[in-house]
2 protein chains.
Amino acid sequence: MQEFFVTVDLVVLTIRDDRLQVLVVERKYPPYQGDWALPGGYVGAEEDLEAAAYRELAEETAIGAGVHLEQLATYGEPGRDPRGRTVTVAWLALVPEMRDPSAGTDAAAAAWRPVEDFEAGRLTLAFDHDRILADGIERARAKLEYSPLAAAFCPPEFTVAQLRGIYEAVWGHRLDPRNFHRKVTRSAGFLEPTGRTSTVDGGRPAQLYRRGSLDTLNPPITRATQA
Amino acid sequence: MQEFFVTVDLVVLTIRDDRLQVLVVERKYPPYQGDWALPGGYVGAEEDLEAAAYRELAEETAIGAGVHLEQLATYGEPGRDPRGRTVTVAWLALVPEMRDPSAGTDAAAAAWRPVEDFEAGRLTLAFDHDRILADGIERARAKLEYSPLAAAFCPPEFTVAQLRGIYEAVWGHRLDPRNFHRKVTRSAGFLEPTGRTSTVDGGRPAQLYRRGSLDTLNPPITRATQA
DNA sequence: CTAATAGTGTCTTTGAGACAGTATACT
DNA sequence: AGTATACTGTCTCAAAGACACTATTAG
């Protein structure tokens, strides 16, 4: 019976400079030495797949609260890794804005890069990681519609405008601030007011919210045909 | 570096007797000899994961056109298989009603069973297959809302009433025939009229349709609060 | 004061859900 | 005729999109 190597690879997304960005590492060793790749690594002998994903995430980022991690898909085409028959379980992580990442032991460097650079083909990744990244981005875009997941990109307390900025960055187009405000504040369980206000943006102070307990947005926020 | 066994397991769903049913096999050899399990098997040395899933599907069913196969999730908890560290990639298949299945080489028998028997705990499966089945059922239920996937359960040509029967069987409740008819026929690209009619159900003959080219239903068909 | 952002209200359109009513078959 | 199913139309209500207007800060 054939034996396989099993790895986890991570699509770690965040919002920086109002753009959706992905965490990539520079490969320190062959194959693809010097190329960019998704962070990842081998699953341990007695390690659960999800535990391996959390471990890799912790190695690359100063991980804290508010992280969302979910399984994306599994890729196992013969020949996808020249070192041997390898199946990789890809995970999607959404994290709040944070300081610069630290390179793990197998990486020469780690950096945030705008996803549009990959979508436009200006940057590419090692192995089949371009495909994995594309699947992760699509999953994130789709999930914002019907889940309160956008809050995973936010600090613990945030304003409606910040939340709207997340949607705009992920979907790549503007939303009407007034309709968005009505939509998210009237959706029971999505947001919890904290009572505090924030005055960061130079206008009238905004109410601060925490994530609510809701886990499915019904009706969803549609990305299709907004201004 | 730890080596793993990699398998594929299949959640094969169909509609029989107006109920959602799943294909299960009786295990011929240990472990769990004599128990019911999802069909599946080891991935070959030079075999793609999806190819392995198609191969297993063909071994159990007389598979034809109109099958939908998609990756569900991957399960790799240590200890989930007593034979060794095994990661399984689960796939969801939706097939039209067909004759009785044939047992594969590793199975003593193969049979369709109503999913409600598993959901109610009247039947259970070997390994962690109950969990995999639950995930597959939930995926199927969710996908009917926003994709034209229900047609995968239908023969090549079908009536609106047959299609409605699919939704009712999968979701487990009735839908208003008139609103359903309006919804699916007005949704451009969902259904293609064939010009032919069918007179199977004892009333006015119904228009026959083929699957259209649409791949995302917008707006979706909601399962939430229908009669 | 102006500029900027936060938040409310109102109008129009779309579509879901409820259900009356018409069409065309079988017995 | 009566019954069953197919299909169309109409009413009401909820929510999206567009956008006028008010509120509260900084400078």
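First the proteins, then the strands, lettered A, B, ... as listed; each starts at 1.
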Student: Can a side-chain donor-acceptor contact be found between Asp135(B) and Tyr75(B) if the only test is distance below 3.5 angstrom?
Tutor: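 Note: Tyr75(B) and Asp135(B) side chains meet the donor-acceptor criterion.
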Student: What integer distance in Å separates Asp176(B):CG from dT8(D):P?
Tutor: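 Going from CG in Asp176(B) over to P in dT8(D) covers 14 Å.
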Student: To the nearest angstrom, how far is Tyr146(A) atom OH from dA15(D) atom C1'?
Tutor: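 My rounded result for the distance is 21 Å.
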Student: Just the rounded figure in Å: distance from P of dA6(D) to CG of Leu175(B).
Tutor: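 These atoms are roughly 14 Å apart.
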Student: Between atom CD1 of Ile166(A) and atom SG of Cys154(A), what is the distance when rounded to the nearest 0.5 Å?
Tutor: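 The distance works out to 4.0 Å.
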Student: Please produce a list of atom pairs where a protein N or O lies less than 3.5 Å from an N or O of nucleotides 7-10 of chain C.
Tutor:
from    : atom 1 : to        : atom 2 : distance (Å)
dG7(C)  : OP1    : Gln207(A) : N      : 2.9
dG7(C)  : OP2    : His181(A) : NE2    : 3.3
dG7(C)  : O5'    : His181(A) : NE2    : 3.3
dT10(C) : O4     : Arg182(A) : NH1    : 3.2

Student: Rounded to the nearest angstrom, tell me the gap between atom CZ in Arg174(B) and atom C1' in dA18(C).
Tutor: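 My rounded result for the distance is 17 Å.
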Student: Under 4.0 Å between a side-chain N/O of Lys183(A) and OP1 or OP2 of dA16(D), yes or no?
Tutor: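 Answer yes for this pair, as a side-chain N or O of Lys183(A) is under 4.0 Å from OP1 or OP2.
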Student: Please list, one pair per line, the donor and acceptor atoms closer than 3.5 Å that link side chains of residues 203-210 of chain B to other protein atoms, with sequence neighbours excluded.
Tutor:
from      : atom 1 : to        : atom 2 : distance (Å)
Gln207(B) : OE1    : Gly195(B) : N      : 3.2

Student: When the distance from CZ of Phe180(A) to C1' of dC19(D) is rounded to whole Å, what number comes out?
Tutor: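 To the nearest whole Å, that distance equals 18 Å.
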Student: When rounded to the nearest 0.5 angstrom, what distance separates CD in Gln162(A) from CD1 in Ile15(A)?
Tutor: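 That separation rounds to 11.5 Å.
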Student: How many Å lie between CZ on Arg164(A) and P on dA4(C), as a whole number?
Tutor: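 Taking atom P of dA4(C) as the reference, CZ of Arg164(A) is at 15 Å.
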Student: Measure the distance from CG on Leu163(B) to C1' on dC7(D) and round it to the nearest whole Å.
Tutor: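 In whole Å, dC7(D) C1' lies 16 Å from Leu163(B) CG.
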Student: In Å, rounded to the nearest 0.5 Å, how long is the span from OG1 of Thr88(A) to CG of Asp128(A)?
Tutor: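 Reported value, rounded in 0.5 Å steps: 7.5 Å.
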Student: What distance do Leu13(B) atom CG and Trp112(B) atom CH2 have between them, rounded to the nearest 0.5 Å?
Tutor: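 Leu13(B) CG to Trp112(B) CH2: 7.5 Å, rounded to 0.5 Å.
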Student: Using whole Å, what does the distance between atom P of nucleotide dG17(C) and atom CZ of Arg223(B) come to?
Tutor: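 Rounded to whole Å, this separation is 14 Å.
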